[in-house]
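Notes to accompany the following structure.
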Protein chains: 2
Amino acid sequence: MMVSTRGRYALRVMIDIAEHGENSSIPLKDIAIRQDISQKYLESIMTVLSKKELVQGIHGKGGGYSLTRKPSEYSIGEILRSTEGSLAPVACLECGASTCDRAVECKTLPMWGKLDYLISQYLDHIKLDDLVKNSLDEAFKNLDWLKLKS
Amino acid sequence: MMVSTRGRYALRVMIDIAEHGENSSIPLKDIAIRQDISQKYLESIMTVLSKKELVQGIHGKGGGYSLTRKPSEYSIGEILRSTEGSLAPVACLECGASTCDRAVECKTLPMWGKLDYLISQYLDHIKLDDLVKNSLDEAFKNLDWLKLKS
DNA sequence: ATCATTACCTATTAATTTGGTAGGTTGAAT
DNA sequence: ATTCAACCTACCAAATTAATAGGTAATGAT
């Protein structure tokens, strides 16, 4: 499994805010109830999203979280990467990974590289907006974006 | 990370056998030395590969492991799935996963489904032979196999 | 000023997965 | 009989995951 609950929850929160917080902050409590996720656990996820400025948190009464951009300006890849750390399919490709001695002659590395590229292209191509509007199919109307060459 | 050392090691072992065991069994000890992987750890991986009949183990002196098919008849997906259990990007899609209450209305599930399909198509399209011969690029000459529709 | 509300911060923890080790048993060739 | 090598069982340490618990700080309403 590549994406844990952290990433999946983060996505659901972002969708929830996009749907319910048009131009208002919505308290985490509401999101936790609607999504049926522990509020305490969500807090730790929101800390990350907030630090990376994907959402803005406002203290006190009437406060809560709101998006910092339009839903069409978030890619799913960005959201997942921010909470998961990396979307690389193997440790070898994780940024910061000490390059393996065998890397040069490795028969599998190119395959992992291409897979990583494929996954990234896919997830970066989809925008938060596409999920909110259930318009995933349209995002793939023409597949010009997918070039396996690199 | 989607593929752990188990899967990566399994792949390297399969490539090693394909390269060195044309029509002879090769002892795990040799593979462990060549690949610089703990023999004991490899044993637990070989057990799985052997049970699923991806390799054949021969006891006693002169014994060792050999492939049960031609390298062109193994897909990378099959090898990885056999040791990793599942290549699904999220738990929701793992076979045997209790279907989530929200599945019907879930805004993210279709996206995960397509990603799963994309990864599977990619890894099932590549054959062990392609890695042995470093001929990955040729495998993608024409991308007819990649249809994101489903 | 006080209170309710809400984000934010710091620990702690239980369960699971990962990546091994250790030692013994069985089967086969010489 | 000996040696080699697969196979089997059990255990273990570290890391990761998925939380929980209990507080502090900021903000708006009264």
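The chains referred to below are lettered A, B, ... by the order of the sequence lines, with proteins before strands, and numbering in each begins at 1.
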Practice item. Please report the shortest heavy-atom distance between Pro110(B) and Leu136(A), naming the atom on each side. Key: C-CD2, 3.8 Å
Check your understanding: Which heavy atom of Tyr122(A) sits nearest a heavy atom of Lys114(B), and at what distance?
Key -> OH-CB, 3.0 Å
Check your understanding: For Lys29(B), which residues count as a salt bridge (Lys or Arg N to Asp or Glu O under 4.0 Å) partner, sequence neighbours excluded?
Key -> none
Practice item. Under 4.0 Å from any heavy atom of chain A: name the first and the last nucleotide of DNA chain C that qualifies, 5' to 3'. Key: dT5(C) to dC9(C)
Practice item. Verify, without hydrogens or angle tests, whether Ser82(B) (side chain) and Ile79(B) (backbone) share a donor-acceptor contact under 3.5 angstrom. Key: yes
Check your understanding: Roughly how far apart are Leu93(B) CG and Leu115(B) CG, rounded to 0.5 Å?
Key -> 8.5 Å
Review point. Using the ring of each side chain (for Trp, its six-membered ring), is Tyr41(B) parallel, tilted or perpendicular to Tyr9(B), with breaks at 30° and 60°?
Key: perpendicular
**Study point:** Side chains of Arg102(A) and Gln35(B) in contact at under 4.5 Å (non-hydrogen atoms)
**Key:** yes
Exercise for review: Taking only heavy atoms on the protein side, list every residue of residues 52-69 of chain B lying under 4.0 Å from any atom of DNA chain C, sorted numerically.
Suggested key: His59(B), Gly60(B), Lys61(B)
Exercise for review: For Arg8(A), enumerate each residue passing the side-chain contact (heavy atoms from CB on, under 4.5 Å) test, keeping only those at least two apart in sequence or located in another chain.
Suggested key: Val3(A), Thr5(A), Val90(B), Ala91(B), Cys92(B), Trp112(B)
Review point. When you look at CG of Asp101(B), are more than 12 heavy atoms from neighbouring residues, nucleotides or ligands closer to it than 6.0 Å?
Key: no
Practice item. State, yes or no, whether a side-chain contact exists between Ile76(B) and Asp124(B) at a heavy-atom distance under 4.5 Å. Key: no
Point to revise | Residues touching DNA chain D, which here means a heavy atom under 4.0 Å, drawn from residues 14-51 of chain A | key: Ser38(A), Lys40(A), Tyr41(A)
Check your understanding: Just wondering, more than 12 heavy atoms not from Glu22(B) lying within 6.0 Å of its CD?
Key -> no
Revision key, fill the gap. Contacted region of DNA chain D by chain A, from 5' end to 3' end of the hits, cut-off under 4.0 Å to heavy atoms, spans dA18(D) to dG28(D)
Practice item. Flag the pair Glu19(B) and Lys107(A) as a salt bridge only when some basic side-chain nitrogen lies within less than 4.0 angstrom of an acidic carboxylate oxygen. Key: yes
